[in-house]
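These numbers come from a predicted model, not from an experiment. These values consider heavy atoms only, across backbone and side chains, with no hydrogens, waters or symmetry-generated copies. Numbers restart at 1 for each chain; the letters A, B, ... are given by sequence-line order, proteins then strands.
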4 protein chains.
Amino acid sequence: MTATTGHTHPTDPDAAGAAGPIGYSLPLSPSGQASMLTPPPWHFSGEILMVDYRVDPDAARRFLPPGLDAGADPGAAAAVFATWQWCSEDGAELADPAVCRFSEFLILLGCAFEGRPMARCPFAWVDQPVPMVRGWVQGMPKQFGAIHQTRPVTVGRAGSRLAPGGRFDGALSVHGRLTAEASVTVERRSERPPALHDVPLAHSLVLPRWVPSDAPPRPRLVASEVSGVEFSPVWSGPGRLALSGRPGTDLALLAPVEVGAGHVFAYGETLHGGRLLGA
Amino acid sequence: MTATTGHTHPTDPDAAGAAGPIGYSLPLSPSGQASMLTPPPWHFSGEILMVDYRVDPDAARRFLPPGLDAGADPGAAAAVFATWQWCSEDGAELADPAVCRFSEFLILLGCAFEGRPMARCPFAWVDQPVPMVRGWVQGMPKQFGAIHQTRPVTVGRAGSRLAPGGRFDGALSVHGRLTAEASVTVERRSERPPALHDVPLAHSLVLPRWVPSDAPPRPRLVASEVSGVEFSPVWSGPGRLALSGRPGTDLALLAPVEVGAGHVFAYGETLHGGRLLGA
Amino acid sequence: MTATTGHTHPTDPDAAGAAGPIGYSLPLSPSGQASMLTPPPWHFSGEILMVDYRVDPDAARRFLPPGLDAGADPGAAAAVFATWQWCSEDGAELADPAVCRFSEFLILLGCAFEGRPMARCPFAWVDQPVPMVRGWVQGMPKQFGAIHQTRPVTVGRAGSRLAPGGRFDGALSVHGRLTAEASVTVERRSERPPALHDVPLAHSLVLPRWVPSDAPPRPRLVASEVSGVEFSPVWSGPGRLALSGRPGTDLALLAPVEVGAGHVFAYGETLHGGRLLGA
Amino acid sequence: MTATTGHTHPTDPDAAGAAGPIGYSLPLSPSGQASMLTPPPWHFSGEILMVDYRVDPDAARRFLPPGLDAGADPGAAAAVFATWQWCSEDGAELADPAVCRFSEFLILLGCAFEGRPMARCPFAWVDQPVPMVRGWVQGMPKQFGAIHQTRPVTVGRAGSRLAPGGRFDGALSVHGRLTAEASVTVERRSERPPALHDVPLAHSLVLPRWVPSDAPPRPRLVASEVSGVEFSPVWSGPGRLALSGRPGTDLALLAPVEVGAGHVFAYGETLHGGRLLGA
């Protein structure tokens, strides 16, 4: 357990016997093995269904924290369904299929930091607890939802091939309410990855204050540090998208004013940690 | 609603107004559209992880109903994990990803009917209600479980490629208890499909008696009628398998006495109905 | 395994060795212990939230099978949320809390058989597989849903007491879509049980035909045979109800045209089997 | 949005227009209404099944952080199942039964801070995302599990009355593996609340470091601030408990060396925030 790995370490490192339980995250325990999260890097391999769309640029701006601006294409947005496998550096989770897979839906807004194109994720949902908490560790606002996505098939008649005319769908429900539906009918291979899936994500690192005497929390702007980005060939075609957030939440502000192309592809990356923006 | 499709039809077809609600299955309703099940044919496209194994031949025989015998290779068995997409003839369910996908785990025992090789499914679990009830309609003993399966990946580091050395795992939990775990490390392309996945299934069509004055139910032996069978290339290699049924159920009788090769492949078929065996 | 209990028994009872696997239901197995269902009687103890409402009488009639008529109060209906514990005759399931509890939502329509008041259940949803399949065995059209219901509390501030002004809510989602919401604000103790919860249920016993050469299925009208009915005191007050079925199903036909009183109470019964009506 | 409520507020409060999205927690949004969590106070009303037990005192000490000692009764522990309703100050969540209920299982270890008896929670699991994340905000190591608990019934035969001889059970599964089972057969009314449920909880406030240049996280010892504690009458009798953690986690260190009395009761409290211990 060293500072290098970012693990929690004893409050008095000289008093080994009294150091107390350890771990990368809660739960702390004598060996550190009870930690719910493993330390990064985390590897991800996913199957993605993505729909480009446009939101009201003013609404999008209201979701951007200080330091980010709307960039070159205000109002550019995307809705992304993904089915992931993930593992830690040693790959141990891959032997446990009840742990290493999850699904995700997220919204991306185009933005820029000091002129560099980035993406902002105002909303995200996953269907497994480890990725949800891991989201909060990195400033990504992951909530819990039921996420379903059709996949290309290679045999049989229950699905589309990844070929012209193939249709693929995604659906998100939150607390039993249908919240997002997307569909892509692929027509052609794209020459480049979808723009909003090929830029860094800028998150706000912040957790609610629990001890009233602490200073109020100040969100810090961080960029996720990734390596090993890989895209499969990207199939694209007309997209469809509907969003219907629970009344009173602000999801409705990001409803589509125009829906563009959809994309189906596989994507891999390794996530290492965060880097302060503007620090 | 006609006899040809097998739909429930009015008890007095001449009295249209009094005919009552209709449907292929419960719930019956005025239009028939409330039916939980659609009539066959049903198309299936699945990704399969399968482990061949051997059980005590005497135990296997005790699971065979009258009319089936142990066939040429008594004790041959297989454990099968599958992630399916399914749809009805018109494919409508494919637009509803919360409906058209499910996972399954089942056990197969080699057997024969009048000298013809078949497979018997003594236990099966799925994670969606429509396939579960559909199982009971066809005499397949589908129960409910939590089923997880790793999949081949094509990009990134969170999973194996479908290539020599690739490892794939499956796990079944029933009522919160780990019930089956399987693993395959693929080494080579097989020349033919796994034997127990390439023969007809023989089920016992029976539902508990509800009205005491009815005659006791007599299971009828039926073979599933399928068409359009397609196999992807099959990758094979050493398999691993553990079964641990809740005490008092008979699953333990079918524990492995020897574990053989495992297989990873995609499979498609269309299921049309049942055919009485020996009638 | 005897005819008396309605268990599946050997097709040739004289040929013990060849009798094959047995069981009250699928899965059949050597000992019969693998059966997903136990034979009745089944005991139920539940906490109920019920809202009386009225539907279009013509719509209600279209859900009634031959033999049932609309009775004395055409259009009378109720929406019922229930959280149940259940067990078999020996009570064994009560030691397994992951098995013995489930939630349910159902709709009841007032009707009559030969002048006797009864209730018809055109739609029902549960959140556990055993009650779902058990529904089909008795002709009750149980599907799968996510069902939530607030309960009276006796300490703390997170809920209402079962006392004047107490509010209790229920919600049903099906395949991730909000399908029913109900609310009751109790005001007073009622002098008698809610009418539609105090009459026998009339179901249609029918399963889809699987073997095309079989005769088309003919639904048989059966009444559930119950004993040991117990009601707690019933608290009543204004109810609220909204139904929103997936387009194309017939649930919308049974939307409220008027919403009446709601009721909160506990209810117990023992279910023994079915009795043919009009046979 | 003020510092008083602990909400995230703008990084530059003078630049209102550029203040960016706000909220008590992620997700931040223009109105703050997208926040997954509401600010405390949070009210809780729960039904509890608790078993007192003893662990190896040395093992228990290894779970205590600096500042806490084993107190007057080293090795005292409890396993607690709870079914909760919760709501924010305005009670709004109570109208949404899919949101305001969750189940929990946790372990408590007796300990002391500067001579004051407290309880340490080394492990906790819940079945809803909001309480899980809220746990991390307060330093409580909540993970995700499937939690089931039988309840007292007042009518019918499917359960025990809260009366001598009544038996109540709880079960926890984590990632599909049975992890804890407890049972209580109540015999008598207790004169006082169970000791470990009637002392403050001492948590470790810490989140993994995400930005490598930040200082390593140092857990801070905090006590939960609660008010409005209410106990129903407590029924007690012999308890049973089994724990079986996934190999490699440290849960096995806290397995029972002796199992004592069990208790069934209702409990209410309001949680306001945290107070640093020893600061």
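For the pair P208(B) and Y24(C), the tightest heavy-atom approach, listed with the atom from each and the gap, is CG-O, 3.2 Å. Heavy-atom minimum distance, G20(C) versus P66(B): CA-CD, 4.0 Å. Q33(C) approaches D250(B) most closely through the heavy-atom pair N-OD2, 4.1 Å.
Looking only at heavy-atom pairs under 4.5 Å with chain C, the residue among P129(B), G176(B), S204(B) that has the most is P129(B). Ranked by non-hydrogen atom pairs under 4.5 Å with chain B, the options L68(C), D96(C), L251(C) are led by D96(C). Most heavy-atom pairs under 4.5 Å with chain B, from the set S224(C), S29(C), A98(C), A34(C): that is S29(C). Each of P27(C), P122(C), A124(C) has some count of heavy-atom pairs under 4.5 Å with chain B, and the biggest count is that of P27(C). Looking only at heavy-atom pairs under 4.5 Å with chain B, the residue among M132(C), R177(C), R275(C), K142(C) that has the most is M132(C). Your options are L37(C), V130(C), V137(C), and the one with the most heavy-atom pairs under 4.5 Å with chain B is V137(C). Highest contact tally toward chain C, considering only H175(B), Q143(B), R220(B), is held by Q143(B) [criterion: heavy-atom pairs under 4.5 Å].
In this structure, the side chains of P65(B) and L28(C) stay at 4.5 Å or more apart for every pair of heavy atoms.
Proximity to chain B is absent for every atom of L221(C), based on heavy atoms less than 4.5 angstrom apart. Contacts between F123(B) and chain C at a heavy-atom distance below 4.5 Å involve the side chain alone, from C-beta outward. Both the backbone and the side chain of P212(B) come within contact range of chain C, judged by heavy atoms closer than 4.5 Å. For V222(B), the part lying near chain C is the side chain, with the backbone staying farther off; criterion is any non-hydrogen pair under 4.5 Å. For a residue to count as touching a neighbouring chain, one of its non-hydrogen atoms must lie under 4.5 Å from one of that chain's; by this rule P30(C) touches chain B with backbone and side chain alike. With a 4.5 Å cut-off on non-hydrogen atoms, Q128(C) touches chain B through its side chain but not through its backbone. Neither the backbone nor the side chain of R61(C) comes within less than 4.5 Å of any heavy atom of chain B. L253(B) touches chain C through its side chain: at least one heavy atom from C-beta onward sits under 4.5 Å away, while N, CA, C and O do not.
With rounding to the nearest 0.5 angstrom, the CG atom of L205(C) is 8.5 Å from the CG atom of L26(B). To the nearest 0.5 Å, the span separating CH2 on W210(C) from NE2 on H272(B) amounts to 9.5 Å.
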Report task. Evaluate the side-chain contact (heavy atoms from CB on, under 4.5 Å) criterion for residues W136(C) and M36(B): first the C-alpha distance (whole Å), next the side-chain angles of each, then the deciding distance (0.1 Å), finally the verdict. Result -> CA-CA 11 Å; W136(C) 288 61; M36(B) 180 177 177; 3.4 Å; yes
